[in-house]
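Scroll down for the structure; my scribbles are underneath it.
Only heavy atoms go into these numbers, but all of them, side chains included; no hydrogens, no water, no symmetry mates. Since the structure is predicted, the reported quantities are computational estimates derived from the model, not experimental observations.
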Amino acid sequence: MIKKFILLAAFCINGLFMSAQNVGSSPDYIKALSADWKGERLADGRPKVSDNLLDRLQKLTLEEAWAELIELGYPNQFEGEWKLINESEEATMVGRAVTAQFMPARPDLEKQVREQGKVEGRAYDKATVSWAIPTLTTGDIYVADGYGKTVLGTIVGSNLGNGVFTRTGKGVVFYGYVRDMEDLRKIKGFNGWIKGSHPSYMRQTILTSINAPIRIGQAIVLPGDAVLAKKDGVLFVPSHLVEHVVLTGEVTKLFDVFGQQRIKEKKYTAGEIDSKWTNSIKKDFKDWVKDYKGQLPMSRESLDKYLETRNF
């Protein structure tokens, strides 16, 4: 009887240990979060939105992408009012999100996080601020919620910033602060959308999750979301919607080129173009696009198929 009790107790303890909350989300959990994605996945389970789609997404304006997300029922994907590490004219960044959540530290939680980090093979005896960086791969954007903490909450400095860029070739989007701004600006090709900078380093703050859902201001971000970062804000596009959002945005851009040309030609008024198109305008557009001299960003087959279902 005593032996059975000991075995049962050991089983229960082991079960509790095995069910401990992971710091890094499992591939199965990430796949469950992004179940609507039907394409290729990365080794960690995140959707692998193609480089071609990301390149096309980069050419859209925030408005072109945002408008379709609202129509699809995803209004909580945008956050504005950022400070950029490099305020260049062409400041734009696209990539696949790796998410991280930071929280104020408390001893019991930090103990559990570090113990779980040890189980997962992380540098449990080092500052948790660096734990997400080894998970990054080429084309990723490191997206972290630092809950806007200013002092003793900076998420990267020059060393970690170099670490991010070396692994991704991209930059960061932080709802929080960074340090070493002068040196971060020297990393050619690196940029960051941040809430500010402060000379202090991270203390009294811990990382609690990698590749789980996080909030970035007014937006929700899932691992593998496509990130469209422009000077005027950041949009997080759900992976399974990227192709549709890109194609819709590209067609909208064509509508604008056509409409503005016809307005300048005085064939239609601005009011006619800005309203629901008549059948004659629709036909005019279809004829116009057949002779379009620019390079179409999508295939002609994709455009024709889209126009069949589009209510202009």
[X] with [Y]: basic N within carboxylate O range, under 4.0 Å:
X: Lys305; Y: Glu308; value: no
X: Lys267; Y: Asp284; value: yes
X: Lys118; Y: Asp125; value: no

Would you say [X] and [Y] make side-chain contact, with heavy atoms under 4.5 Å?
X: Leu254; Y: Leu296; answer: yes
X: Phe102; Y: Lys149; answer: no
X: Ile210; Y: Thr99; answer: no

* Start with the C-alpha gap between Lys286 and Asp304, add the side-chain angles, then the distance that decides, and say whether salt bridge (Lys or Arg N to Asp or Glu O under 4.0 Å) holds. => CA-CA 9 Å; Lys286 291 179 179 179; Asp304 291 341; over 6 Å; no

Decide yes or no on side-chain contact (heavy atoms from CB on, under 4.5 Å) for Tyr74 and Ile220, but give the supporting numbers first.
-> CA-CA 10 Å; Tyr74 288 78; Ile220 182 169; over 6 Å; no

Are Ile194 and Tyr177 co-members of a hydrophobic cluster defined by side-chain heavy atoms under 4.5 Å apart?
->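 No, separate clusters.
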
- Query: Is it true that Tyr142 and Phe174 have ring centroids separated by less than 6.0 Å?
  - Reply: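 Yes, close enough.
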
Can you check whether Tyr124 and Trp131 have ring centres sitting under 6.0 Å from each other?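 No, ring centres 6.0 Å or more apart.
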
ring-ring contact (aromatic ring centres under 6.0 Å, His included) between Tyr147 and Tyr175: does it pass, once the steps are laid out? CA-CA 6 Å; Tyr147 62 97; Tyr175 196 82; 9.4 Å; no

Exercise for the section: May I have all residue pairs that pass salt bridge (Lys or Arg N to Asp or Glu O under 4.0 Å) and include part of residues 183-198, sequence neighbours excluded? Expected result: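 Counting only pairs at least two positions apart or across chains, the salt bridge (Lys or Arg N to Asp or Glu O under 4.0 Å) contacts touching residues 183-198 are Glu79-Lys195, Asp183-Lys186.
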
